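Worksheet: one structure, shown below.
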Amino acid sequence: MDEIKNFRGSTPTITREAEDAARARLLRAMSEPAPAPRRRRVPRPVWSLALAASLAVAVGVALARGDDRPVFTPVAGVQELSERAATAAETDPYTTVPSPGRWLYVKESIAPLRAEPAPEVDRDRRMTLELWNSVDGRQTALDDGKGKLVIHESGPGVTAADLAEEPVTPERTLARIKAAVAASAPGADEPAEQRIVETIAQVMSEQAVERKVRAALFRALSLVPGVSVRQDAVDAAGRHGIALVYTGPWERFELILSPQDYRFLGTYGETVADRTFTAGQRLEVKAGTPVVWTARLEAGIVDRPGDRP
């Protein structure tokens, strides 16, 4: 917790106007029609601000713990990292599956967008957001900037309860995710593998996932083409971790885990190729443009939106 306090103390203060603009973008994204994982007004990199907010919730629901300086043990590849993370999930004594009707509170730090509609985030600035997700992954609540919580339907088309039906294996879990993806409307130029990884990440981040399902999701990620490992990744709080990485034709996304116990730290994403969008206005995005950078600061189960742990 001292690390988080020190980080927040050194973070530049974002203007009220910028915070309001970011909140408005989230509310607009939340209010657009389902399917949630591919909500867009114009073609944009899939790891947009709205998705970044949902991903930065948690990988599972874990109680906050203090950290020592990370000790890195390199892994040989995605299979080894996925297996280590799955084993940690299966034996995590801090994980809890709350009763239905409760909510997952999240406080996160994100790098805000420089200027809409460009997807680039500002590496030098941070803002703090608070979100509440229903534990079934179907609803999200957010302060509208006027002290009123706005609740919208959300979700990737498959729930943790669906995935908990036996048999719970990596192969069966992946098949269920694929079926949910196939049943939803495709995004612009999104390969199937990207949509599968996106859905897995959303389930893991937005829902209260029991141990065996979370382990199966980690192992399922190793079966998806395009997923690899980054040995040293950094979240928006400056914490170093190890990442499961998906690289598609246009973007790379990093799901950053603690190298000690493989709990969720944050996300990072950037473009890997130049791209030009023409919907509404011409927009050129260069390779290497950062499009998301987050760090989870706090998470916990509460009774209703607006409550804090």
Side-chain angles (χ1 to χ4, degrees), residues 35-37 51 54-63 75-100 104 133-138 154-184 191-229 241-246 253-265 267 296 299 301:
L51 182 58
S54 68
L55 290 177
V57 176
V59 175
V61 181
L63 301 179
V75 296
V78 64
Q79 287 79 14
E80 182 178 348
L81 178 55
S82 294
E83 186 59 34
R84 288 188 186 183
T87 300
E90 289 171 330
T91 59
D92 186 359
Y94 296 91
T95 298
T96 178
V97 178
S99 57
L104 182 62
N133 293 282
S134 60
V135 295
D136 63 5
R138 298 183 186 278
S154 62
V158 63
T159 69
D162 296 332
L163 299 175
E165 295 179 3
E166 298 292 348
V168 180
T169 67
E171 294 77 13
R172 181 59 177 163
T173 298
L174 183 57
R176 287 168 171 162
I177 294 291
K178 286 182 176 180
V181 166
S184 63
E193 293 81 8
Q194 177 171 320
R195 298 172 62 202
I196 290 167
V197 172
E198 183 180 346
T199 300
I200 290 175
Q202 192 172 358
V203 170
M204 295 176 76
S205 65
E206 292 184 353
Q207 301 181 36
V209 182
E210 59 182 281
R211 294 185 181 96
K212 65 178 180 181
V213 174
R214 188 148 51 101
L217 287 167
F218 273 124
R219 292 182 175 117
L221 279 170
S222 70
L223 304 177
V224 180
V227 176
S228 60
V229 170
I242 190 166
L244 283 163
V245 182
Y246 172 77
F253 174 75
E254 300 175 5
L255 186 66
I256 306 170
L257 309 176
S258 164
Q260 298 166 301
D261 56 12
Y262 306 101
R263 65 187 174 87
F264 178 82
L265 294 182
T267 62
R296 188 188 67 181
I301 299 298

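These numbers were taken from a predicted model, which means no experiment stands behind them.
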Exercise: identify the closest heavy-atom pair between [X] and [Y]:
| X | Y | value |
| --- | --- | --- |
| Ala160 | Val209 | CB-CG2, 4.1 Å |
| Ala89 | Ala215 | CB-N, 4.1 Å |
| Gly241 | Pro259 | CA-CD, 3.8 Å |
| Tyr246 | Pro225 | CE1-O, 3.7 Å |
| Pro156 | Thr199 | CB-CG2, 3.8 Å |
| Val168 | Ala216 | CG1-CB, 3.9 Å |

Please report the interatomic distance [atom1]([X]) to [atom2]([Y]), rounded to the nearest 0.5 Å.
| X | Y | atom1 | atom2 | answer |
| --- | --- | --- | --- | --- |
| Leu104 | Ile301 | CG | CD1 | 4.5 Å |
| Ile242 | Leu255 | CD1 | CG | 12.0 Å |
| Ile177 | Gln202 | CD1 | CD | 10.0 Å |
| Ile200 | Leu174 | CD1 | CG | 6.0 Å |
| Leu257 | Arg263 | CG | CZ | 10.5 Å |
| Phe218 | Met204 | CZ | CE | 3.5 Å |

Next item on the list: Could you tell me which residues satisfy side chain to side chain donor-acceptor pair (under 3.5 Å) with Gln79, sequence neighbours excluded, listed by chain and number?
Entry: none
Margin query: Show every side-chain hydrogen bond (donor to acceptor under 3.5 Å, both in side chains) that has at least one partner inside residues 165-183, sequence neighbours left out.
Written below: Glu166-Lys212
Applying side chain to side chain contact (heavy atoms under 4.5 Å, CB included), name anything that partners [X], two or more places apart in sequence or on another chain.
| X | result |
| --- | --- |
| Ala164 | Glu210, Val213 |
| Ser82 | Val78, Ser222, Leu244 |
| Ala88 | Tyr262 |

Item checked: For Glu80, salt bridge (charged side-chain N to carboxylate O under 4.0 Å, His left out) partners two or more places apart -> Arg84
Item checked: Any side-chain heavy-atom pair of Val158 and Val181 under 4.5 Å ->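 The answer is no; the side chains never approach within 4.5 Å.
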Next item on the list: State, with a plain yes or no, whether a side-chain heavy atom of Thr159 is found less than 4.5 Å away from one of Asp136.
Entry: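 When only atoms from C-beta onward are counted, Asp136 and Thr159 do not touch, as no gap falls below 4.5 Å.
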